[in-house]
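A quick write-up on the structure given underneath.
All figures in this text were calculated on a predicted structure; none of them were measured in a lab. Below, chains carry the letters A, B, ... as their sequence lines are ordered, and counting in each starts from 1. The figures that follow rest on heavy atoms only: side chains count, while hydrogens, waters and symmetry mates do not.
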There are 2 protein chains.
Amino acid sequence: MLSRKTKYGLKALTYLARTKDRGPVPIAEIAREENISQKFLESILLTLRRNGFLGSRKGKGGGYYLIKEPVQIQMETVMRVLEGPIAMVSCVSLNFYEPCADCPDEASCSVHKLMLQVRDSTLEVYRSNSLADLI
Amino acid sequence: MLSRKTKYGLKALTYLARTKDRGPVPIAEIAREENISQKFLESILLTLRRNGFLGSRKGKGGGYYLIKEPVQIQMETVMRVLEGPIAMVSCVSLNFYEPCADCPDEASCSVHKLMLQVRDSTLEVYRSNSLADLI
DNA sequence: GCAAATCCTATTAAACCTATAGGATAAATG
DNA sequence: CATTTATCCTATAGGTTTAATAGGATTTGC
């Protein structure tokens, strides 16, 4: 299941992409328009900023804004930041690899074999979608 | 992340597919060979039996066994039984559909759009793999 | 100075996952 | 028929994660 964090993060990014000519947008507005708990969204936008997707301005007239073009924001990166590993098991993870404690041999592991295919096909979806494609 | 329940369930099914000519295999053997907690595996095999994948025999010489040919056991079905919905959000789920409470319009929802693609590509992997393919 | 906003940490409440406990039931065997 | 082997079944503990909230500190614009 997709976490709400990711869901809300994607919605916020989309919202900011749609309003990108308007300058900084306050959290309160995004939360209201997208039906998201404001405080929760606050922490999500913070991580998106810390990970280089968003810029922010404090004070009156402030808010969040995209610091890249929507076309340049790949879902692969977004998903890793919000949701974590794309792979369903760590032993097939590209960025978060870890061997399974219980599994003596990856090459002969049925779970490994199946999850590798799932990872590859999911990755292809994320790689072929930028933020611009979601609008 | 894949739950351990699913992981163990897949390993057990694979084990039973490999030993399918030997008749019923006791839980204890599978647990030992695949490094799985026996009690936990017990409950997993129970659900697999209740869902029509396995048969069982009690008492001495008893155990679990496949009641279909490995080729006929599709990963799509197995995954639904063990892991639940294949979709990452309920609004794109084929078998567990539920509308999102916070989302006024699916057609224009970016999350919906992306997750639909992920579901389709994942589904294709599960549909093109039977238990026989994992051995 | 005041209001509007982000920034940041901590805490709670609920849900879910993994594993275990403890026995009930059934079958095979000598 | 007693013993052993094995599944069957329910309940529950313990831990982890997630979602949301609380409460204030800081910065900015006017």
Please confirm whether the shortest side-chain N or O distance from [X] to OP1 or OP2 of [N] is below 4.0 Å.
X: B/R49; N: D/dC8; value: yes
X: B/S3; N: C/dC16; value: no
X: B/S43; N: C/dA19; value: no
X: A/Y8; N: D/dA20; value: yes
X: A/R57; N: C/dA4; value: no

No-hydrogen, no-angle side-chain donor-acceptor test under 3.5 Å, A/E98 and A/S90: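 No, no side-chain donor-acceptor contact under 3.5 Å.
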Of A/R4 and A/E42, the one whose closest DNA chain D nucleotide lies more 5':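 Nearest nucleotide further toward 5': that of A/R4.
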Write down the distance between [atom1] ([X]) and [atom2] ([N]), rounded to a whole number of angstrom.
X: A/L48; N: C/dT6; atom1: CG; atom2: C1'; value: 14 Å
X: A/K39; N: D/dA25; atom1: NZ; atom2: P; value: 13 Å
X: B/L2; N: C/dC17; atom1: CG; atom2: C1'; value: 13 Å
X: A/R50; N: C/dC7; atom1: CZ; atom2: C1'; value: 8 Å
X: A/N35; N: D/dA19; atom1: CG; atom2: C1'; value: 16 Å
X: A/L45; N: C/dA5; atom1: CG; atom2: P; value: 14 Å
X: A/I44; N: C/dC8; atom1: CD1; atom2: C1'; value: 15 Å
X: A/R32; N: C/dA4; atom1: CZ; atom2: P; value: 14 Å

A/Q74 (side chain) donor-acceptor with A/S130 (main chain) under 3.5 angstrom: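 A pair under 3.5 Å: no.
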Measure from the side-chain heavy atoms of [X] and tell me the nearest of [options].
X: A/I27; options: C/dT6, C/dT18, C/dC7; value: C/dT6
X: B/S56; options: D/dT10, D/dT7, C/dT18; value: D/dT7
X: B/L46; options: D/dC9, C/dT18, C/dC7; value: D/dC9

Indicate, yes or no, whether a donor-acceptor pair under 3.5 Å links the base of D/dG29 to the side chain of A/K58.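 No pair found.
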State whether A/R22 and A/E29 are salt-bridged, where the test is any N-O pair (Lys NZ or Arg NE/NH1/NH2 against Asp/Glu carboxylate O) under 4.0 Å.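 Result for this pair is yes, salt bridge flagged.
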Between B/K20 and B/E69, does any side-chain N to carboxylate O distance fall below 4.0 Å?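 Looking at B/E69 together with B/K20, the answer is yes, because their closest N to O distance falls below 4.0 Å.
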Of the options B/T14, B/D133, B/N129, which is the one that meets A/S110 in a side-chain hydrogen bond (donor to acceptor under 3.5 Å, both in side chains)?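 Single side-chain hydrogen bond (donor to acceptor under 3.5 Å, both in side chains) partner of A/S110 among B/T14, B/D133, B/N129: B/T14.
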